[in-house]
Amino acid sequence: MQNGLAHLGKTLIVAPHPDDEVLGCGGTMARLADDGQEVHVAIVTRGYEPAFSEEMVQKVRTELAEAHEILGVARCHFLDLPAAALDTLPGAEINAAIGRLVSEISPDTLFLPFLGDIHRDHQLVFNAGLVAARPRSAGVPRRIYAYETLSETNWAAPGVNETFAPNVFFDVSDTIERKLKAFSRFESQVKSFPDERSLKTIEALATVRGSTVYRSSAEAFVLVREIS
């Protein structure tokens, strides 16, 4: 644990879908903003008809903007690839879309969804993020973390898929309420307990992760790579 997160510098959180970034990193995002760091979010996909109505897409984007304002996000980038259908695209197209954004922003720290998530979109975004962050120049992200997403990370088959075993914990005791407030803005996504995407479960996970490292609340991550 460190007293501040200024050492993470400019940060990019890559989210397959709106709300993934808040579930996985909301408290950390708020801490970064409080420390004066530039926080960027990339939403990789958007819903397209007939599976997703345009009305619903716009509603979620309005909810997203409200959530990001609470957390202090500097800018949100929309890549507009098809939601729940990334596996229908050539891998090179996904890699290129995320690669262009990483080059444009040049973040010091990159957060990606966990490879072992049950959702195929999450797996493909993780791999594309690593392609974008290949250490082929001095300007690559100095650190890469994988975050957990309730109802995606822990629903995969144990012993078959990659297991989320966090080795980095960021104290969010002072920002957990903002994370909960931000997620509550996703009225289309919030569920009633005992659904995992309930506010009670989000807070409970933060409590468990915090207790792991003797803190009131924390968010947990897997460190993929760090260049010091």
Side-chain angles (χ1 to χ4, degrees), residues 5 11-35 37-47 52-78 83-84 111-114 117-119 121-122 125 145-155 164 166 169-212 215-221:
L5 296 184
T11 300
L12 172 62
I13 298 100
V14 183
H17 318 100
D19 81 9
D20 290 333
E21 77 289 359
V22 177
L23 285 168
C25 310
T28 299
M29 291 160 63
R31 279 194 64 186
L32 283 162
D34 289 349
D35 283 344
Q37 300 307 307
E38 198 173 313
V39 179
H40 291 256
V41 173
I43 304 298
V44 176
T45 70
R46 68 164 286 156
F52 304 91
S53 71
E54 184 61 25
E55 180 182 6
M56 175 57 72
V57 170
Q58 294 308 316
K59 176 175 173 55
V60 170
R61 289 202 171 182
T62 296
E63 295 169 346
L64 179 77
E66 293 175 357
H68 284 187
E69 183 176 1
I70 292 168
L71 298 176
V73 174
R75 184 179 173 190
C76 186
H77 309 259
F78 297 98
F111 286 88
L112 301 171
F114 183 62
D117 287 4
I118 194 171
H119 201 308
D121 282 359
H122 289 227
V125 168
Y145 298 108
Y147 60 85
E148 60 182 330
T149 308
L150 281 165
S151 80
E152 303 293 359
T153 305
N154 57 314
W155 283 2
F164 186 80
F169 298 82
F170 292 140
D171 188 343
V172 297
S173 303
D174 294 335
T175 56
I176 183 61
E177 291 303 324
R178 280 163 63 191
K179 173 176 180 169
L180 295 172
K181 182 178 180 181
F183 193 75
S184 72
R185 292 297 186 268
F186 286 98
E187 294 180 358
S188 61
Q189 310 300 317
V190 176
K191 307 297 182 184
S192 298
F193 183 78
D195 192 284
E196 281 206 326
R197 295 211 172 189
S198 64
L199 296 176
K200 184 174 181 179
T201 300
I202 295 170
E203 184 174 20
L205 178 61
T207 300
V208 169
R209 294 308 189 195
S211 293
T212 301
R215 296 296 188 276
S216 297
S217 297
E219 288 175 337
F221 305 92

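No side-chain donor from either of Glu66 and His68 sits under 3.5 Å from a side-chain acceptor of the other. When only modelled atom types and interatomic distance are considered, Ser151 and Arg197 share a side-chain donor-acceptor pair under 3.5 Å. Residues Thr11 and Glu38 bring no donor and acceptor atom of their side chains to less than 3.5 Å of each other.
Salt bridge Lys59/Glu55: absent, no basic N to carboxylate O contact under 4.0 Å.
Aromatic ring centres of Phe170 and Tyr145 lie closer together than 6.0 Å.
Ring geometry for His17 versus His122: interplanar angle of 30 to 60°, hence tilted. A parallel orientation is assigned to the rings of His40 and His77, their planes being inclined by less than 30° (bins at 30° and 60°). Ring pair Phe114/Phe164 is perpendicular by interplanar angle, where above 60° counts as perpendicular and below 30° as parallel.
No donor-acceptor distance shorter than 3.5 angstrom exists from the side chain of Lys200 to the backbone of Pro194, with no hydrogens or angles considered. Judged purely by atom type and a 3.5 angstrom limit, Thr149 has no side-chain atom pairing as donor or acceptor with the backbone of Gly24. Using modelled atom types, no side-chain atom of Glu152 and backbone atom of Ile118 make a donor-acceptor pair closer than 3.5 Å.
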Criterion side chain to side chain donor-acceptor pair (under 3.5 Å) on Glu196 and Thr201, from CA distance to verdict: CA-CA 6 Å; Glu196 281 206 326; Thr201 300; over 6 Å; no

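To the nearest 0.5 Å, atoms CZ (Arg31) and OG1 (Thr175) are separated by 7.0 Å.
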